[in-house]
Each structure stands twice: as structure tokens, then as C-alpha cells.
2 protein chains.
Amino acid sequence: MTTRWLTPKEQRAWRAYIAATFLVEDAIDRQLQQDAGMPHLYYSILASLSDAPERQLRMTDLAERTKITRSRLTYAVGRLEKDGLVRRENCRWDKRGSIAVLTDEGMEVLERTAPGHVETVRSLLFDHLTEEQVGQLEEICGGLVRRLQEDERPTTDEVPWRRRSSPSCS
Amino acid sequence: MTTRWLTPKEQRAWRAYIAATFLVEDAIDRQLQQDAGMPHLYYSILASLSDAPERQLRMTDLAERTKITRSRLTYAVGRLEKDGLVRRENCRWDKRGSIAVLTDEGMEVLERTAPGHVETVRSLLFDHLTEEQVGQLEEICGGLVRRLQEDERPTTDEVPWRRRSSPSCS
DNA sequence: TAGGTTTGTTTCAAACTTGAACCAAGAGCA
DNA sequence: TGCTCTTGGTTCAAGTTTGAAACAAACCTA
């Protein structure tokens with residue numbers, strides 16, 4: 001099987017993609033570290049919780065939404081809990097379960113820092129994209145996500161598919 | 001100044017973008033960790049070196065190309081050096097300078113693992129994008145990069161701009 | 001050319017991530 | 001019921017990243 005190398009055009013796209021994603025994440029991390037005292041991921045966790053009904057989610061669901069491993073999440077929630085922004089409760093129905101709840105303080109931090117964050121996201125990204133490009137970006141990334149998530153799921157038979165709610169800006 | 005929140009469409013795009021970039025980086029990191037015993041960034045460092053004339057670059061240039069901090073690079077090159085894939089030399093013209101050189105062994109690792117890596121990038125990304133979308137992606141990301149790099153540069157007067165060569169797939 | 005600033009790089013401690021191993025508790029089934 | 005398998009979560013050690021501080025060499029400029 002001979003390698004299907006990238007075409008020059010694909011190479012350019014790939015390089016640009018890598019560079020852009022690194023730079024964007026970096027800029028956002030710095031901004032949030034500055035203004036909210038936490039990296040982007042931690043902010044996203046708070047944001048995900050704030051969107052959930054009752055401002056709470058089971059660890060596994062939270063991990064799925066934020067696209068990180070459970071172990072990474074355990075650590076992150078540990079810190080957020082220490083900071084008083086999140087509280088852990090145990091799940092009544094499933095005694096194995098652990099539920100992360102956004103505290104009022106956590107909500108306050110989120111509300112206080114959200115405007116700055118959105119402004120950053122805007123100035124980094126959306127202020128420079130046309131309507132059309134926003135659509136293209138959504139299309140491209142959405143497709144990627146769909147495919148990548150399917151891969152990690154049983155392929156043989158029907159998938160018992162459940163969906164949940166959710167809005168806002170992580 | 002009232003906050004310019006994201007429109008629903010922008011929110012969707014942003015979420016998809018975050019999810020996609022996380023998932024893609026993760027998948028690539030896992031693949032490379034498996035097959036090359038190193039995370040994506042480290043592979044990219046080797047790839048950057050392999051593209052450079054004489055297969056070598058000064059630390060700062062290497063950091064600039066890979067979009068990471070100097071300190072992070074120092075650590076990474078430290079490990080690659082320990083593994084024998086990179087060698088450090090000191091710059092003759094500038095005694096402060098340190099030069100990272102890709103060793104033959106490093107080149108071998110790269111050549112051995114490149115096909116698998118490209119295949120992954122393809123199956124993750126390009127196999128599912130139309131020609132048009134590849135163009136869009138390049139356009140969007142390229143624009144981002146240009147803007148983000150300008151920001152970290154003196155804005156007032158002329159920038160003594162130097163460019164170097166480079167091809168391939170990081 | 002001395003003194004002050006900038007540039008190139010490393011160092012260090014604290015924070016974070018990774019992946020494998022572990023420990024319950026639910027589920028399926030003989 | 002008693003077994004085994006799966007699932008939800010945490011733990012732990014090893015590896016990585018961060019950002020500020022430290023250094024040394026190069027570059028002004030008076």
C-alpha cells in the first residue's frame with residue numbers, strides 16, 4: 001500500500017489549521033487565565049454546567065460534552081471544587097455516580113467573565129469571518145465531530161441514541 | 001459597552017470548532033504516541049527540522065514555526081535529544097544561540113512513521129472534505145494565523161520581515 | 001567603552017495531562 | 001442467588017506545560 005501523501009493544497013490547509021488552532025487556543029487560554037484565573041478548559045466546564053438543567057451534570061456526561069477524558073475531568077473538577085465554583089454531589093439513582101453542580105459563586109464568576117471571553121472570541125475569530133465563512137466553518141467542523149464521535153461507538157448494531165439540551169459559549 | 005454576544009449561528013460554529021479541534025488533536029496524539037512513541041507536537045518538531053536547510057533550526061525559529069513557547073520547546077527538544085532524535089549545537093555567529101539538528105536516527109523515525117501519520121490525517125480530515133472545503137479551511141485558518149501573528153508584532157513602524165523556506169506535513 | 005537595554009535560551013516550581021490500574025456498583029445470566 | 005462482565009469514577013506516577021525569573025551575550029548610545 002503506497003502512501004497517499006497530502007497534495008500541496010492539503011498541506012497548506014493542514015499547516016494553516018494546526019497553526020491557527022494552536023494560536024487561538026493559546027490566546028484564549030491567556031485571556032481567561034488573566035481575567036478569570038483559569039484556563040479555557042476549566043471555563044468551558046463551568047459554561048457547560050451553566051447550560052445544563054439544574055446547573056448540574058454527571059461526570060461522564062460532562063466529560064463527553066467537553067471532549068476530555070474522565071481522568072482529566074476528575075482533576076479539573078477537583079480544582080474548581082477547591083475554588084468553590086463547583087460542588088460534587090452523589091447521584092441518588094446510581095450510587096457509582098458523581099454529579100458536578102455549579103455553585104452560585106461559580107455562576108457569578110462565569111457571568112462576570114463571560115463578556116470578556118466572548119469579546120476575545122469575537123476579536124480573534126468572528127469579527128474577521130464573513131457570514132459565509134462562519135457557515136463553512138460550522139459545516140466543516142460539525143462534520144468532523146460527527147465522524148469522530150461515530151468512530152468511538154459500536155459500529156455493528158443500532159446505537160441507542162440519546163440527546164440532551166444545551167446552549168451558550170464555552 | 002454592552003456585550004456583543006455570539007449569534008446562534010456563531011455559537012454553533014464555535015462549539016463545533018472547539019469540539020473538532022479537541023477531537024482531532026486527541027486522535028492524532030494517540031496515533032502518534034502509539035506508532036512513533038511521541039505526541040503530535042514532538043513529531044511536528046522533527047518534521048519542521050526535516051524541512052529546514054541542513055535539517056537544523058535555531059530554537060527561536062523552531063518555536064516560531066511550531067507556534068509554541070521557547071520554554072516548552074526547550075523541554076521538548078530536551079526529550080528528543082535524550083531519545084537521540086535531535087542534537088544540539090551552538091550557533092557560531094551568535095554565542096547565545098542554540099541550534100537543534102535532526103539526527104539520522106531522527107530522520108529515520110520520521111520516515112518510518114510519516115506514512116501512518118499522513119494516513120491518519122487523511123482519514124480524519126481530508127478524506128471527508130470536498131476540494132472546495134479544503135480551500136475554505138485554508139482560507140479561514142490562513143487568515144486567522146496572519147492576524148494573530150501581526151498582533152504580537154510591533155505595529156507602529158515597518159517590520160523588518162524575513163521569510164524562510166519550508167514544505168511537508170507536521 | 002562603560003552602562004543600560006534587548007534578545008536567545010534555559011531553569012525552576014507549580015499546575016496540568018496521560019494512561020494504566022483500581023474500586024465500587026449496576027447488569028446480565030446460569 | 002452467585003458469577004462474571006461492564007460502567008462510572010478516582011487514583012497514582014510519570015510526563016508535559018506554564019510563566020516568571022535567571023543568565024549570558026549582543027546591541028545600543030552617550
Side-chain angles (χ1 to χ4, degrees), chain A residues 22-23 25-34 36-45 56-83 86 88-101 152-154 160 162, chain B residues 22-23 25-34 36-45 56-83 86 88-101 152-154 160 162:
Chain A
F22 268 55
L23 292 171
E25 252 309 272
D26 239 59
I28 293 189
D29 264 334
R30 268 199 302 283
Q31 183 264 320
L32 282 172
Q33 193 67 60
Q34 270 281 313
M38 65 184 87
H40 186 196
L41 173 63
Y42 292 62
Y43 180 93
S44 296
I45 290 174
Q56 51 181 258
L57 281 173
R58 286 191 59 163
M59 295 298 275
T60 298
D61 292 334
L62 193 44
E64 198 171 299
R65 294 198 188 193
T66 49
K67 315 300 178 201
I68 62 175
T69 60
R70 295 198 204 71
S71 128
R72 192 176 177 183
L73 181 61
T74 295
Y75 179 86
V77 167
R79 167 182 156 180
L80 291 171
E81 192 174 26
K82 207 173 316 183
D83 293 348
V86 161
R88 262 187 244 250
E89 287 181 7
N90 2 20
C91 181
R92 274 204 221 60
W93 306 276
D94 183 343
K95 283 184 184 163
R96 292 169 302 181
S98 186
I99 299 184
V101 188
E152 37 182 72
R153 218 166 278 144
R162 62 214 142 114
Chain B
F22 267 55
L23 292 172
E25 253 308 271
D26 240 57
I28 294 188
D29 263 336
R30 267 200 303 282
Q31 183 265 319
L32 282 173
Q33 192 67 58
Q34 269 282 311
M38 65 184 86
H40 188 197
L41 173 62
Y42 291 63
Y43 181 93
S44 297
I45 290 173
Q56 50 181 261
L57 281 172
R58 286 191 60 164
M59 294 297 276
T60 298
D61 293 333
L62 192 45
E64 199 171 299
R65 293 195 189 197
T66 48
K67 316 299 180 200
I68 61 175
T69 60
R70 297 197 203 66
S71 127
R72 191 176 178 184
L73 181 62
T74 294
Y75 179 86
V77 168
R79 167 183 156 179
L80 292 171
E81 192 174 26
K82 208 172 317 181
D83 294 348
V86 160
R88 265 185 241 252
E89 287 181 6
N90 3 19
C91 182
R92 278 207 218 54
W93 306 276
D94 184 342
K95 284 184 185 165
R96 292 168 301 181
S98 186
I99 299 184
V101 188
E152 37 183 71
R153 216 167 277 143
R162 60 213 144 115

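Just so we're on the same page: letters track the sequence lines, and every chain starts at 1. Quick caveat: nothing in here was measured; it's all calculated off a predicted structure.
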Could you check whether A:D83 pairs with A:R79 (Lys NZ or Arg NE/NH1/NH2 to Asp/Glu carboxylate O, under 4.0 Å)? yes

Test log, rule side chain to side chain contact (heavy atoms under 4.5 Å, CB included), inputs B:L57 and B:R65: CA-CA 10 Å; B:L57 281 172; B:R65 293 195 189 197; 3.8 Å; yes

Under a criterion of less than 4.0 angstrom to any heavy atom of chain A, what are the 5'-terminal and 3'-terminal contacting nucleotides of DNA chain D? D:dT7 to D:dT11

Could you list, one pair per line, each protein nitrogen or oxygen that sits under 3.5 Å from a nitrogen or oxygen of nucleotides 17-22 of chain C, together with the distance?
from   : atom 1 : to    : atom 2 : distance (Å)
C:dT17 : OP1    : A:R72 : NE     : 3.1
C:dT17 : OP1    : A:R72 : NH2    : 2.7
C:dT17 : OP2    : A:Y42 : OH     : 3.2
C:dG19 : O6     : A:S71 : OG     : 3.0

Crowding at CD, B:E89 (>12 non-hydrogen neighbours, <6.0 Å): yes

Any base atoms under 4.0 Å from B:S98, or only sugar-phosphate, or nothing? Heavy atoms, all strands. sugar-phosphate

Just by distance, do the side chain of A:N90 and the backbone of A:S98 share a donor-acceptor pair under 3.5 Å? no

N/O contacts under 3.5 Å, protein versus nucleotides 26-29 of chain C?
from   : atom 1 : to    : atom 2 : distance (Å)
C:dG26 : OP1    : A:K95 : N      : 3.1

B:R79 vs A:M59, nearer the 5' end of DNA chain D by closest nucleotide: A:M59

Where do A:R58 and A:C91 come nearest, in terms of heavy atoms and distance? NH1-SG, 3.8 Å

In sequence, state the C-alpha distance, the side-chain angles, and the governing distance for B:R30 and B:D26, and then conclude on salt bridge (Lys or Arg N to Asp or Glu O under 4.0 Å). CA-CA 6 Å; B:R30 267 200 303 282; B:D26 240 57; 3.0 Å; yes

A:D29 side chain vs A:H40 backbone, donor-acceptor pair below 3.5 Å: yes

Look at all strands and tell whether B:T60 reaches a base, only sugar-phosphate, or nothing, counting heavy atoms closer than 4.0 Å. sugar-phosphate

B:V86 and B:A100: which non-hydrogen atoms are nearest, and at how many Å? CG1-CB, 4.1 Å

Among A:I45, A:L41, A:T60, whose side chain to side chain contact (heavy atoms under 4.5 Å, CB included) with A:L73 holds? A:I45

Whole angstrom is fine here: how far is it from CZ in B:R88 over to C1' in C:dG8? 13 Å

On a heavy-atom basis, which atom in B:T66 and which in A:F22 lie closest, and how many Å separate them? O-CD2, 3.8 Å

